[in-house]
Amino acid sequence: SEECAFLSASELARRTGVSEATVIRLAQALGFEGFPELKEELRTMLKERISTVMRLEAASDRARDEGDVLLKVFRKDIENLSQTVSELPVDTFREAVKAVRKADRLYVIGLRSAYSLALFLWTAMRYIGKEAFLLRPGHGELWDEPVLWRRRDVLIAISFPRYTRDTVEVVQYARRKGLRCIAITDSLLSPVAQVSDIVLTARCEMDSYVESFTAPLSLINALVTAVSVAERDKALKALRRLEGIWRERNIYLQREEKSGKAFGTDL
């Protein structure tokens, strides 16, 4: 069954009626150091096709209660963060920062659940004065912007399992137009990584029906921060201008409002 990719060695042994040692020996006989390595390979193979229904069923079978779910999710995210920072080459990160800084215009794409990451990256880049554009899903509008692309533009494509076809096709089109393409994805073997110039990987594993975006979001935060530090004066100028507009338009709650005084209370 495909859900084996989400079970521990003991859980798989119990379901198949063999000992845990037998499961481990099988993994080693197949050329893996142990069962965790075999499970990682299985998960990589299945990410593109396993259904959300199956993943939720597997997670539900293992969850004891809400507290158990809370601890498991946080522990997995901590593991994702730790593995991401240890596996990502600093030189590759520097190359991505340099490409973003040199770009005349920056385009960002991330579809379906990855759209949330794309929206955050686009917003943050605009805050620090980058000329950034978000490729939005919709009724055909996705392909309106690419016809205006120039060679000195840069595309950042965000794609995690299950990978979307449109994201890969947009990157392929950008490469044909001469743009540099940066992929933010889970693996060097992912479809979008295969067609990009620079690949930033972030772990997203989670025993649930959705992937975890904790590590990818942290990576995006690092990218934006590195660009803003490298372009300090430009970033500060852009942020001061925005702060002035936000105050003028009363965008955010003021301190007295947050304390409740603006609503006639005495909190």
Side-chain angles (χ1 to χ4, degrees), residues 92-160 162-186 188 190-202 213 216-217 219-242 244-246 249 251:
T92 303
F93 181 75
R94 289 196 185 102
E95 188 181 2
V97 172
K98 183 179 179 181
V100 170
R101 293 188 61 201
K102 291 177 64 177
D104 283 352
R105 297 178 300 182
L106 190 65
Y107 290 88
V108 181
I109 183 171
L111 302 179
R112 299 187 69 81
S113 58
Y115 183 71
S116 59
L117 294 173
L119 179 62
F120 179 85
L121 175 58
W122 168 70
T123 301
M125 286 294 183
R126 288 176 63 247
Y127 280 176
I128 59 174
K130 305 302 292 184
E131 188 175 0
F133 301 88
L134 180 64
L135 301 181
R136 304 173 186 270
H139 304 288
E141 294 89 343
L142 180 62
W143 290 97
D144 290 350
E145 289 286 354
V147 298
L148 304 174
W149 286 348
R150 300 189 296 258
R151 282 185 174 273
R152 288 180 57 83
D153 296 336
V154 168
L155 173 70
I156 301 180
I158 305 172
S159 183
F160 289 87
R162 300 154 74 182
Y163 312 105
T164 54
R165 185 183 307 277
D166 280 340
T167 301
V168 176
E169 291 178 353
V170 166
V171 175
Q172 291 173 328
Y173 181 80
R175 291 288 299 279
R176 291 197 297 271
K177 294 275 286 186
L179 277 69
R180 273 206 101 188
C181 298
I182 302 171
I184 298 178
T185 186
D186 66 312
L188 293 172
S190 79
V192 73
Q194 296 295 300
V195 294
S196 297
D197 300 292
I198 304 170
V199 182
L200 302 176
T201 57
F213 284 162
L217 182 59
L219 175 58
I220 289 171
N221 267 325
L223 178 63
V224 174
T225 302
V227 172
S228 65
V229 169
E231 301 181 353
R232 181 178 182 274
D233 292 342
K234 178 182 178 181
L236 286 173
K237 182 179 179 180
L239 288 171
R240 289 190 182 106
R241 184 170 61 249
L242 282 172
I245 295 173
W246 293 337
R249 302 308 303 169
I251 299 298

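Sequence positions, counted from 1, serve as the residue numbers for this chain.
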Are any side-chain N or O atoms of [X] and backbone N or O atoms of [Y], one a donor and one an acceptor, separated by less than 3.5 Å?
X: E231; Y: A226; value: no
X: S116; Y: S113; value: yes
X: S228; Y: T225; value: yes
X: S159; Y: T185; value: no
X: D153; Y: R105; value: yes

Does [X] reach the side chain of [Y], with side-chain heavy atoms less than 4.5 Å apart?
X: V100; Y: I156; answer: yes
X: L135; Y: F133; answer: no
X: I220; Y: F213; answer: no
X: M125; Y: L223; answer: yes
X: K237; Y: D233; answer: no
X: V224; Y: Y127; answer: no
X: K234; Y: R101; answer: no
X: K102; Y: R180; answer: no

Can you see which heavy atom on [X] is nearest to which on [Y], and at what distance?
X: I128; Y: A238; value: C-CB, 3.7 Å
X: I109; Y: T167; value: CD1-CA, 4.2 Å
X: D186; Y: S190; value: OD1-CB, 3.8 Å
X: V154; Y: A99; value: CG2-O, 3.6 Å

Walk me through it: do T92 and V199 pass the test side-chain contact (heavy atoms from CB on, under 4.5 Å)?
CA-CA 7 Å; T92 303; V199 182; 5.8 Å; no
Kindly compute the distance separating [atom1] ([X]) from [atom2] ([Y]), expressed to the nearest 0.5 Å.
X: L106; Y: L121; atom1: CG; atom2: CG; answer: 6.5 Å
X: R112; Y: T164; atom1: CZ; atom2: OG1; answer: 8.5 Å
X: L179; Y: Y107; atom1: CG; atom2: OH; answer: 8.0 Å
X: L217; Y: N221; atom1: CG; atom2: CG; answer: 5.0 Å
X: L148; Y: K177; atom1: CG; atom2: NZ; answer: 8.0 Å

Decide side-chain contact (heavy atoms from CB on, under 4.5 Å) for I184 and F160; before the verdict, give the C-alpha distance in whole Å, the side-chain angles of both, and the deciding distance to 0.1 Å.
CA-CA 8 Å; I184 298 178; F160 289 87; 4.2 Å; yes
Tell me whether D197 is salt-bridged to R175, with the criterion being a basic N under 4.0 Å from an acidic carboxylate O.
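Salt bridge flag = yes for R175 with D197.
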Kindly assign one of parallel, tilted or perpendicular to the pair Y173 and W143, based on the angle between their ring planes and the thresholds 30° and 60°.
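Perpendicular: the ring planes of Y173 and W143 meet at over 60°.
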Take E169 and Q172, measure what side-chain contact (heavy atoms from CB on, under 4.5 Å) needs, and give me the verdict at the end.
CA-CA 5 Å; E169 291 178 353; Q172 291 173 328; 4.1 Å; yes
Could I get the full list of side chain to side chain contact (heavy atoms under 4.5 Å, CB included) partners for R126, not counting sequence neighbours?
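Listed in chain order: W122, A132.
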